[in-house]
Amino acid sequence: MAGSGYFIAFEGGEGAGKSTQEGLLAHSLVERGRSVVRTREPGGTPAGEQIRHVLLSPEFEGLDARAEALLFAASRGEHVARIIRPALERGDVVICDRYIDSSVAYQGYGRDLGVQRVRDLSLWATGGLLPDLTVVLDVDPEVGLARFAQRDRLEAEPIEYHRSVRAGFLDLAAAEPERYLVLDARDDQHTIASAILARVVAAWESA
Ligand code: Z5A
C-alpha cells in the first residue's frame with residue numbers, strides 16, 4: 001500500500017461487467033465522501049494510451065508475445081508512477097480496470113510465458129505496488145464474449161485461450177483469499193455491487 005489511500009483493481013474476462021461495477025462503486029464511495037480516481041489498463045496516461053492502441057488494434061495482429069508482455073508492463077510502470085501512486089499518497093481511492101493479474105492471466109497463463117516471470121516483470125515496473133483488494137468478476141468466456149458484437153485483437157483469440165485466462169484469475173484469487181473477492185458475473189448488477197461495497201466498507205472498518 002502506498003500512502004493512506006486504498007487501491008482496488010477489477011479483473012476478469014471480457015464482458016464480465018468490470019466497467020459497470022467500477023462506475024457503481026465509484027458512485028457509492030463518492031456519496032460516502034471519498035475522493036475516487038477511476039483509471040484503466042492498458043492506458044491511463046498519454047503514453048499508456050498510445051501503447052494501448054498498439055496492444056489492442058487488429059492492425060498489429062501477430063505481435064510477438066514477449067513484446068506484448070513488455071508493452072503491458074511498460075504501460076503499467078508509467079501508470080503507477082504518474083497516476084496511481086500519487087493518488088494513493090493523496091489519500092484517494094483508486095479504482096483500476098485491470099492491473100498486474102491481467103498480465104499474469106493473459107500473458108502468463110494464456111500465452112504460456114511463465115507466470116512468475118510475467119508477475120516479476122510487472123512488480124519491477126511498478127516498484128512492487130499491489131492492490132489492497134482485487135475484485136475478480138468470474139464469467140464463462142462464452143457468456144462474456146457474447147455480450148459484445150465487435151472484438152479487439154485479444155478478444156479475437158480462440159476460446160481455449162480465454163478459458164486458460166479464466167483459470168489463471170481463479171488460481172491467483174485462491175492463493176491469496178484475503179486480498180481477493182471473487183463474484184459470479186452472471187448475477188444481477190446490483191447484487192454484485194452490494195457485495196463489493198460491503199467488502200470495501202468491512203475492510204475499512206477493520207483497519
Ligand atoms: N490485457 C492483457 O492481456 N494484459 C494486461 O496486462 C492487461 C490487459 C492490463 C483490454 O481490453 C484487453 O487487454 C483485454 C485484456 C488485455 N482483452 N482481452 N481479451 P479492454 O480494456 O478493451 O476491455 P476489457 O477490460 O476486457 O473490458 P470489457 O470487455 O470492455 O468489459 P467489462 O468492462 O468487463 O464489462 P462492461 O463494459 O461493464 O459490460 C459489458 C456488457 O455486459 C455491457 O453491455 C453491460 O451492460 C453488460 N453487463 C454488465 N454487467 C452485467 C451483468 N451483471 N449481467 C448481464 N449483463 C451485464
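For the numbers below, each heavy atom of this structure counts, side chains included, while hydrogens, waters and symmetry mates do not. One-based numbering, in listed order, for ligands and for the atoms of each. Bear in mind the structure is a predicted one, so any value in this text is a computation, not a measurement.
Rounding to the nearest 0.5 Å places CG of L88 at 11.5 Å from CD1 of I83.
In terms of N/O distances under 3.5 Å, ligand 1 is approached by S103. On a distance-only criterion, R52 and ligand 1 share at least one N/O pair closer than 3.5 Å. The N/O atoms of D188, backbone and side chain alike, include none that comes under 3.5 Å of an N/O atom in ligand 1. Annotation: I192 places no N or O atom under 3.5 Å from an N or O atom of ligand 1; distance criterion only.
At a 4.0 Å heavy-atom cut-off, ligand 1 touches K18 through backbone and side chain alike. Within the 4.0 Å heavy-atom criterion, the part of H162 lying near ligand 1 is the side chain and not the backbone. Counting heavy atoms closer than 4.0 Å to ligand 1, residue D97 contributes side-chain atoms (C-beta onward) but none from N, CA, C or O. The residue L137 has no part lying near ligand 1, judged by heavy-atom distances below 4.0 Å. Neither the backbone nor the side chain of R111 has a heavy atom within less than 4.0 Å of ligand 1. Only the side chain of R76 comes within 4.0 Å of ligand 1, judged by heavy-atom distances.
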**OP:** Step by step, work out the side-chain contact (heavy atoms from CB on, under 4.5 Å) result for V136 and L183.
**Re:** CA-CA 6 Å; V136 176; L183 297 168; over 6 Å; no

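Ligand 1 is approached by F148 to a heavy-atom distance shorter than 4.0 Å. Within the 4.0 Å heavy-atom cutoff, E157 does not count among the residues contacting ligand 1.
In this structure, of R147, E22, Q189, the residue bringing a heavy atom nearest to atom 46 (O) of ligand 1 is Q189. One option in R40, E14, R98 has a heavy atom closer to atom 24 (P) of ligand 1 than any other, and that option is R98.
For atom 43 (C) of ligand 1, the nearest protein heavy atom (residue, atom name, distance) is T20 OG1, 5.0 Å. In terms of protein heavy atoms, atom 35 (O) of ligand 1 is closest to G17 N, 3.1 Å. In this structure, the protein non-hydrogen atom closest to atom 33 (O) of ligand 1 is S19 OG, 2.6 Å. In this structure, atom 2 (C) of ligand 1 lies nearest to the protein heavy atom F72 CZ, 3.1 Å. Atom 4 (N) of ligand 1 has Q107 OE1, 2.9 Å as its closest protein atom, hydrogens excluded (heavy atom only).
Listed by number with element, the atoms of ligand 1 under 4.0 angstrom from any heavy atom of A16 are 34 (O).
Salt-bridge check for D92 with R90: passed, with a basic side-chain N closer than 4.0 Å to an acidic carboxylate O. Using a cutoff of 4.0 Å between basic side-chain nitrogens and carboxylate oxygens, R98 and E14 are scored as salt-bridged. Ion pairing between a basic and an acidic side chain is recognised when a charged N comes within 4.0 Å of a carboxylate O; E11 and R166 show no such pairing.
In this structure, the side chain of R179 does not engage the main chain of L133 through any donor-acceptor pair within 3.5 Å. Q107 places no side-chain N or O within donor-acceptor distance of the main-chain N or O of A69, the cut-off being under 3.5 Å. Between the side chain of S103 and the backbone N or O of Y99 there is no donor-acceptor pair closer than 3.5 Å.
For the residue pair R52 and S75, no side-chain donor N or O sits within less than 3.5 Å of a side-chain acceptor on the partner.
Within 6.0 Å of CZ on R117 lie no more than 12 heavy atoms contributed by other residues, nucleotides or ligands.
Considering T39, T45, T126 in turn, T39 is the only one that fulfils the side chain to side chain donor-acceptor pair (under 3.5 Å) rule with H79.
Ring geometry for Y161 versus Y106: interplanar angle of 30 to 60°, hence tilted.
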